[in-house]
Amino acid sequence: MQIVRQLDPLRDALTAFRKTGSKIGLVPTMGALHAGHMRLVEVANEQCDAVVASIFVNPTQFGEGEDLDAYPRQEAADAALLEQAGVQLLWAPTADEIYPEGFATNVSVSGISDGLCGAARPGHFDGVATVVAKLFNQIRPDAAFFGEKDYQQLAVIRRMARDLDFTHEIVGVPTVRDPDGLALSSRNAYLTAEQRKNAAALPEIMREAATAIAAGKAVSAILADATTGLLASGFHKIDYLELRDANTLAVLNDFTEPARLFAAAHIGRTRLIDNIPVS
Ligand code: PAF
């Protein structure tokens with residue numbers, strides 16, 4: 001696996017892939033790889049001839065007081081995993097290759113970025129959309145792979161790609177979970193043993209709420225009960241627990257399909273997010 005940090009050698013490597021007619025798949029990441037990322041690589045390998053992974057801890061998607069400095073960085077271990085998984089090229093750009101001196105452009109996807117994590121983390125999705133647009137232009141993949149764990153992010157990227165005429169496929173890959181149901185996340189590493197045990201209440205309570213909503217129970221009452229349940233299970237702050245249209249992300253006060261339940265909740269110093277289909 002080649003590890004490339006500058007744009008010129010990146011372009012040379014990509015030209016070589018294209019000369020052989022390879023379908024190029026891109027798996028963008030911020031590193032600290034876990035089985036969820038490796039599933040993206042696996043799906044990319046199934047659908048493409050050459051897989052490019054990127055690792056860049058993107059400062060513009062972190063708000064003030066968020067965990068940019070603490071975010072786990074372990075490039076050597078990540079590179080070993082990616083190589084073992086058959087990734088052909090690791091794009092690990094320097095900050096200058098992404099944000100050169102005087103960088104002044106912002107990609108902002110209005111509407112779909114506004115609620116949920118967009119409300120709790122102002123500016124987050126501008127940072128995501130901007131860096132992903134840059135990665136799409138730098139790699140020009142035939143397909144790009146993102147986890148459904150960050151479902152709003154996936155929706156923002158799909159809209160950005162449509163609006164800015166990126167024509168490659170955007171592939172959403174189902175969330176990978178630990179046996180107790182907790183969605184895999186690089187931020188799970190922040191949890192103490194007790195918090196990790198309690199964190200399983202998030203998917204469990206969401207699953208119960210989704211079942212009750214699908215059975216026709218009043219959405220607002222179910223969400224209120226679920227919030228109480230989370231607060232009783234070790235979570236101390238709920239940013240949101242909402243039923244939304246799975247395509248438009250519009251708020252649903254009553255159950256209509258396609259629907260998805262979204263949550264973000266704080267346990268200790270860790271903010272966990274999750275989402276599941278309601279059907
Ligand atoms: O999901 C992530 O890891 C990041 O938000 C992404 C898509 C790599 C952009 O920095």
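What you are looking at is a predicted structure, and each value in this text was computed from that prediction instead of being measured. Both ligands and their constituent atoms are indexed starting at 1 by order of listing.
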Atoms in ligand 1 flagged as close to [X], the criterion being non-hydrogen separation under 4.0 Å:
X: Val131; value: 9 (C), 10 (O)
X: Met30; value: 3 (O), 4 (C), 10 (O)
X: Thr29; value: 8 (C)
X: Gln153; value: 1 (O), 2 (C), 4 (C), 5 (O), 7 (C)

*Output the distance between atom CD1 (Ile98) and atom CH2 (Trp91), rounded to the nearest 0.5 Å.*
6.0 Å
_Aromatic plane relationship, Phe136 with Phe146 - under 30° parallel, 30 to 60° tilted, over 60° perpendicular_ = perpendicular
_Can you tell me how the ring of His37 sits relative to the ring of His34, calling it parallel under 30°, perpendicular over 60° and tilted otherwise?_
tilted
*Are any of the N/O atoms in Gln61 less than 3.5 Å from those in ligand 1?*
yes
*Measure centre to centre between the rings of Phe235 and His266, then say whether the value is under 6.0 Å.*
no
*Taking the six-membered ring for Trp, is the centroid-to-centroid distance between Phe262 and Tyr151 below 6.0 Å?*
yes
